[in-house]
Structure formats: structure tokens, C-alpha cells
Amino acid sequence: MTGDRIVSWHPDPSVPRFTPPPGAVDAHCHVFGPADRFPFSAKAKYLPADAGPDMLFALRDRLGFARNVIVQASCHGTDNAATLNAIAASNARARGVAVVDPAIGDAELEALHDGGIRGVRFNFLKRLVDDAPKDKFLDIARRIAPLGWHVVIYFEADILEELRPFLDAIEVPVVVDHMGRPDVTQGPDGPDMRAFRALLDARDDIWFKATCPDRLDPAGPPWDAFAAAVAPLVADYPTRVLWGTDWPHPNMQDAVPDDGALVDMIPRIAPTAALQQALLVDNPTRLYWAD
Ligand SMILES: O=C(O)/C=C(\CC(=O)C(=O)O)C(=O)O
């Protein structure tokens, strides 16, 4: 069984040339297991090898980061125990985003808050989840409002227009994973980026993650199309952008990125110290360490 489990992360990431500012947050990463304590969901679409908190925190230190936001990965379904375990092991240096069953009780939501969760994720990728019930998601979004949480949403660019009424109906802040996966080869003014900018312009509480050159730029490192398409977006929306490694890079086993090279993308999309401070420290602190 273990032999069949997927390894999607670099065995020896380089130490980046770029030094993140003090307090920097890797605001999009995951943990897998360890599966003997935290089994994968029966509905998991991929079965990764263990990538637990010790590995995550070693990478954090190697890359020069101070904190993590751990996003519940689909392979763990709606059982957030592995994410909570990692947050608990972090010495207050991690917070998290959960995936919840629509039937979750208020007491359980409170317990997630006490465990460091500050948002819920709605995943619309058909290859990752069987269904994405918008009515139930809206109900969850209403119920998390008193906790001060936000919604993290993962979708691909081709369904952005279809999702607009749903997004408009969410009354808490919304964070869009990987900018809604635009085709970065279209350039900064291509149709996907224009549609995404229209979304950002519609509401000032929609945030995005300037993440995943490895997923979005088919040319591979040094991901020049990603840098060209994303730098203007960061420059134009500097107060609502986050950055993360996406470690352990679920489903990227055929093109495993070097995490050090991912960090070296930061000064290409956020070239000034002020932008880097906003991207890596001030913005994620506002969203995840407000209290
Ligand atoms: O982790 C990511 O950002 C992207 C993923 C995996 C994922 O979201 C999940 O398993 O929940 C992907 O595109 O396969």
C-alpha cells in the first residue's frame, strides 16, 4: 500500500536566494497524514505518501519563513484532524483553513476556531471532489460569519463567469486559490486575467493567492509567463494578495517544483520591499492572525 502512495514534493529543495522579511507567512500549504494516525478519506482522489508537520516545519525553516497557513487537502475529506494536529504542533506558528461537512454543528465550528482554523475551503475542481453543492456552501458561509472567518475557493478559469452569482452571494471575505487558475500564457491583459480583474473590482473583500507557477505555466521553470502575467496583478491589488508554496504540491508528481525556486519567484512578482512586506507579512497577518 505505502509503495503505491504518491510523492509529489522535491526531495532536496534549494535554499532560495531571496530572503523573506521577518514574520513571513507561507499562506498556502498542506499536510498529508501521517496516515496511520490520520487516514485518508474514502473519497480521496489521490493517495499521497506521508508529508506531516515535521516535514512542513523543516521546509518552512529552510525557506526562511516564520509561519504557515495549512489548507485542508481534499484527500483528507471533511475530517480536519491532520490539519489541526499540524497547527497544534506549530507553537502558534500555523493557522488553518478547513473543509467542513454542511451538517457540521456550531460547537464543532467553535472547536475548529479554537484549533486555529480561520476559514473554510470550497473546492470546485471535478478531478478532486465529487460534488460542490452551492446552496450548502452558501449556508456554511452564513454560519461562519460570526466567527470572523473567510471562504477560500478553488476553481478553474473556465467556470468563473458561471460562479459569479454564487460568489456575489457570499457575505464574508473570499480568497481565490491560485487566482482561479488563469491561462498565464495569455499574458497580463489576456481574457482570463481581465475576467479575474473584473471579479476583484466587483468587491474589495475578494483576495487572491499569487501562487503555483508550477501549475499555471506550462513552459516550466523559470516560469517567465507566470511572472509576466502575475506581477501587474500584485502591483494593482497589493493589499489583498497572499503567497504560498503549495507544498507538498498535490498531484504534481510529474513536474515536482523546487520550493527554493518558487520562493525566488517572489521578488519577480513583488519587486519592492513594501510589496514583499504586504504579500508575505501584513496581508496574511490581517486575515489569519487578527486576534
Ligand atoms: O492544493 C492545491 O492547491 C491544489 C490541488 C490539490 C487540492 O487542492 C486538494 O487536494 O485539495 C490540485 O490542484 O490538485
Side-chain angles (χ1 to χ4, degrees), residues 5-10 25-33 35 38-52 55-56 59 68-84 86 94-101 117 119-133 137 140 150-160 163 174-184 192 196 207-218 220 223 226 230 241-257 259 262 265 284:
R5 287 168 55 194
I6 300 163
V7 175
S8 53
W9 56 92
H10 198 285
V25 180
D26 174 353
H28 186 90
C29 52
H30 314 277
V31 287
F32 298 149
F38 308 109
F40 297 113
S41 162
K43 296 180 182 167
K45 305 295 183 220
Y46 58 95
L47 290 178
D50 288 344
M55 290 169 67
L56 176 64
L59 181 81
N68 297 101
V69 177
I70 303 170
V71 177
Q72 170 83 351
S74 60
C75 57
H76 278 296
T78 56
D79 180 349
N80 295 282
T83 297
L84 291 168
R95 290 238 150 127
V97 173
V99 175
V100 302
D101 187 292
I117 297 296
V120 291
R121 190 183 200 209
F122 300 153
N123 192 331
F124 283 88
L125 266 68
K126 292 195 173 67
R127 67 179 165 80
L128 294 173
V129 291
D130 292 330
D131 57 344
F137 284 169
I140 293 170
H150 58 275
V151 161
V152 172
I153 186 161
Y154 190 24
F155 60 85
E156 293 179 313
D158 62 342
I159 66 162
L160 172 55
L163 279 183
V174 174
V175 181
V176 181
D177 276 346
H178 321 328
M179 301 162 287
R181 297 190 64 122
D183 178 353
V184 295
D192 285 0
F196 191 61
W207 302 51
F208 62 98
K209 296 178 188 166
T211 35
C212 290
D214 50 313
R215 292 186 193 276
L216 301 182
D217 189 338
W223 306 301
F226 179 93
V230 174
V241 56
L242 305 171
W243 185 90
T245 54
D246 187 39
W247 189 90
H249 312 290
N251 301 306
M252 291 301 291
Q253 57 276 9
D254 294 331
V256 169
D259 299 278
L262 290 172
M265 175 58 71

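The residues of the chain are indexed from 1 along the displayed sequence. Read the numbers this way: they start at 1 and go in the same order the structure lists the ligands and their atoms.
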Problem - Worked verdict on K43 versus D130 for salt bridge (charged side-chain N to carboxylate O under 4.0 Å, His left out) - result: CA-CA 8 Å; K43 296 180 182 167; D130 292 330; 5.2 Å; no
Tabulate below the donor-acceptor pairs under 3.5 Å that side-chain atoms of residues 75-82 make, not counting sequence neighbours, or state none.
from : atom 1 : to  : atom 2 : distance (Å)
H76  : NE2    : G33 : N      : 2.9
D79  : OD1    : A81 : N      : 3.0
N80  : OD1    : V99 : N      : 3.1
N80  : ND2    : T78 : O      : 3.3
N80  : ND2    : V99 : O      : 2.9

Exercise for the section: Flag the pair D192 and R181 as a salt bridge only when some basic side-chain nitrogen lies within less than 4.0 angstrom of an acidic carboxylate oxygen. Expected result: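 No, D192 and R181 are not salt-bridged.
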Practice task
Could you list the residues that satisfy side-chain hydrogen bond (donor to acceptor under 3.5 Å, both in side chains) with T83, not counting sequence neighbours?
Solution key: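 side-chain hydrogen bond (donor to acceptor under 3.5 Å, both in side chains) list for T83, sorted by chain: Q72.
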Exercise for the section: On the 0 to 90° scale, with breaks at 30° and 60°, tag the H30-H28 ring pair as parallel, tilted or perpendicular. Expected result: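 Answer is perpendicular, since the angle exceeds 60°.
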Handout entry: D217: salt bridge (charged side-chain N to carboxylate O under 4.0 Å, His left out) partners, not counting sequence neighbours
Key =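 D217: no salt bridge (charged side-chain N to carboxylate O under 4.0 Å, His left out) contacts found.
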Exercise for the section: Using heavy atoms and a cut-off under 4.0 Å, could you grab the residues that are in contact with ligand 1, chain by chain, numbers ascending? Expected result: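 Correct list: H28, H30, Y46, A73, S74, R121, N123, R127, L128, Y154, H178, R181, R215, D246, P250, N251.
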